[in-house]
Amino acid sequence: MTGERIEIARPDDWHLHLRDGAMLHTIVGFSAAVFGRAIVMPNLVPPVRVPEEAEAYRARIRAALPDGHPFEPLMTAYMTDSADPADIRAGFENGIFHAVKLYPAGATTNSEMGVTRMAAIRPVLAEMEKIGMPLLVHGEVADPEVDVFDREAVYIERVLEPMRRGFPGLRVVLEHVTTVDAVEYVRAAESGLAATITPHHLMINRNAIFRGGLRPHMYCLPVAKRERHRLALRAVAVSGDSRFFLGTDSAPHPRRDKEADCGCAGIFNAPNALQCVAQVFDEERALDRLEGFVSRAGAEFYGMAPNSDRIVLEKGVGSEAPRERVGVADHAIRVFDPGTPISWRIASGLR
Ligand code: NCD
Ligand code: ZN
């Protein structure tokens with residue numbers, strides 16, 4: 001039986017959590033099988049702050065893959081109030097840092113050492129603006145007074161816009177956008193601003209978190225929003241606007257940490273991220289733009305060539321059951337299940 005097929009350049013993941021230790025070993029293969037490169041988030045404990053830490057972490061990622069595996073981890077630096085512009089510049093110039101990640105302190109998982117005052121990081125931002133180094137922003141205010149569903153929109157107004165006015169040449173990626181406010185803000189920017197979009201925010205709205213009870217595996221940050229926001233994300237993802245590209249934000253946590261009194265934020269989608277995005281583009285009758293979103297736009301933003309090898313997706317063939325979990329015992333991790341069918345499979349190009 002043959003179904004519909006689509007062949008595209010191998011995609012990249014422009015926002016990925018690979019963790020460390022046993023968890024890294026359990027999960028890295030799922031991303032490395034599909035994606036050529038990934039921007040690797042630095043929110044380990046302790047975080048990746050200086051080039052030496054990033055080099056050591058990159059070596060651990062490579063060591064968790066078979067020898068000679070072509071997957072390329074692109075490392076990032078975790079911004080703190082005391083980040084040193086010289087360290088950041090050295091890491092960028094040596095090709096070890098591809099970007100700096102800004103977590104407002106307290107905004108999400110392992111952000112405790114993040115930025116508490118924007119004024120503190122002005123020297124680093126000035127340096128990054130000068131050398132053309134991208135700043136990746138977790139765009140949510142951590143202010144507990146602000147409604148959790150409004151934190152992205154409030155961040156844009158209170159923090160992002162003033163920062164971009166102060167550093168007009170700074171290249172910024174607003175990570176994992178979840179609202180129509182973010183979509184419109186990025187679209188209206190004259191230059192220097194892009195955004196990543198996750199598979200899950202294209203597929204679920206906030207109802208998924210409360211369907212018949214509390215669903216901890218649907219909880220991530222920024223939290224999924226209303227349906228109108230999801231529709232705006234889908235529309236812009238399939239629009240062909242190259243400022244919007246895939247960042248899976250695949251963020252595994254052991255089940256026991258998610259199904260807990262205070263369950264942590266993060267959705268693990270590495271095993272089906274590309275299939276989910278293909279499903280969305282198919283539903284939106286935009287499969288001809290899938291390659292742009294997953295394989296070209298992000299590379300263009302980061303000044304890299306698209307991957308030269310290819311991957312083939314096929315619809316409605318085979319009987320591969322959706323994977324419910326990976327790992328065992330203490331490391332069991334639930335895989336993202338959108339609750340709607342995923343008809344697309346990867347037919348060839350896995351490695
Ligand atoms: C991420 C994590 O678990 O590291 N969690 C999440 O909900 N997305 C952190 C992040 O990207 O916010
Ligand atoms: Zn993330």
Side-chain angles (χ1 to χ4, degrees), residues 12-16 37-43 48-49 51 54 72-80 83-104 114-115 118-140 152 155-177 181-198 236-237 240-247 249 292-306:
D12 301 300
D13 183 350
W14 301 100
H15 182 130
L16 176 63
R37 298 164 288 207
I39 284 279
V40 179
M41 289 297 126
N43 63 333
V48 177
R49 281 162 291 183
E72 210 185 321
L74 308 172
M75 311 311 289
T76 58
Y78 185 110
M79 182 83 89
T80 64
D84 179 354
D87 281 340
I88 299 297
R89 187 188 59 238
F92 187 61
E93 286 175 350
N94 295 338
I96 177 75
F97 284 150
H98 290 268
V100 177
K101 180 67 190 276
L102 193 172
Y103 293 100
V115 173
M118 289 300 286
I121 63 169
R122 293 186 67 85
V124 184
L125 297 180
E127 189 66 33
M128 292 172 67
E129 181 181 38
K130 201 157 74 191
I131 63 181
M133 184 178 194
L135 178 73
L136 315 183
V137 177
H138 184 108
E140 289 192 289
E152 183 173 277
Y155 186 88
I156 292 169
E157 191 186 306
R158 278 196 204 165
V159 187
L160 186 56
E161 174 59 18
M163 180 188 79
R164 291 185 59 248
R165 275 179 206 271
F167 300 92
L170 186 63
R171 308 186 67 230
V172 178
V173 182
L174 185 53
E175 297 286 320
H176 40 50
V177 289
D181 312 68
V183 167
E184 283 175 1
Y185 182 73
V186 174
R187 287 185 51 180
E190 273 171 22
S191 67
L193 185 61
T196 52
I197 303 180
T198 76
V236 81
D241 185 332
S242 64
R243 292 173 292 183
F244 295 84
F245 43 84
L246 176 65
D249 195 20
F293 183 71
V294 303
S295 314
R296 294 189 175 275
E300 186 187 310
F301 177 87
Y302 281 92
M304 298 173 187

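Position 1 is the first residue of the sequence; numbering continues from there. Bear in mind that the values here come from a model prediction, so they are computed numbers and not experimental data. Excluded from the calculations below are hydrogen atoms, water molecules and symmetry mates; all remaining heavy atoms, backbone and side chain alike, are included.
- Annotation: cation-pi geometry not satisfied between R243 and F301 (NZ/CZ under 6.0 angstrom from ring centroid, within 45° of ring axis).
- In this pair, Y103 and H138 present their aromatic rings tilted. The plane angle is within the 30 to 60° band.
- Side chain of Y78 to main chain of L102: no donor-acceptor pair is present (N/O by atom type, distance under 3.5 Å, no hydrogens or angles).
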Quiz item: Going through the distances and angles, do T196 and V177 end up as a side-chain contact (heavy atoms from CB on, under 4.5 Å)?
Solution: CA-CA 6 Å; T196 52; V177 289; over 6 Å; no

Quiz item: Please walk me through it: do M79 and V124 pass side-chain contact (heavy atoms from CB on, under 4.5 Å)?
Solution: CA-CA 9 Å; M79 182 83 89; V124 184; 3.9 Å; yes

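- In this structure, a donor-acceptor pair under 3.5 Å is absent between the side chains of R171 and Y302.
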Quiz item: Should D181 and E157 be marked as a side-chain contact (heavy atoms from CB on, under 4.5 Å) after you check the CA-CA gap, both sets of side-chain angles, and the distance that decides it?
Solution: CA-CA 10 Å; D181 312 68; E157 191 186 306; over 6 Å; no

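- Here the side chains of D87 and R49 are not in contact, with every heavy-atom distance at 4.5 Å or above.
- With hydrogens and angles ignored, the 3.5 Å screen pairs a side-chain donor or acceptor of D12 with a backbone N or O of R37.
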Quiz item: Checking side-chain contact (heavy atoms from CB on, under 4.5 Å) for the pair V186/L174: CA distance, chi angles, key distance, verdict?
Solution: CA-CA 8 Å; V186 174; L174 185 53; 4.3 Å; yes

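- Contact check for L16 versus M41: no side-chain heavy atoms found under the 4.5 Å cut-off.
- Counting only heavy atoms from C-beta outward, the side chains of F92 and H98 never approach each other to under 4.5 Å.
- Side chain of E127 to backbone of P85: no donor-acceptor contact under 3.5 angstrom is found.
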Practice problem: Could you give me the CA-CA distance, side-chain angles and deciding distance for E300 and R296, then say whether salt bridge (Lys or Arg N to Asp or Glu O under 4.0 Å) is met? | Solution: CA-CA 6 Å; E300 186 187 310; R296 294 189 175 275; over 6 Å; no

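- Ring geometry for W14 versus F245: interplanar angle over 60°, hence perpendicular rather than tilted (30 to 60°).
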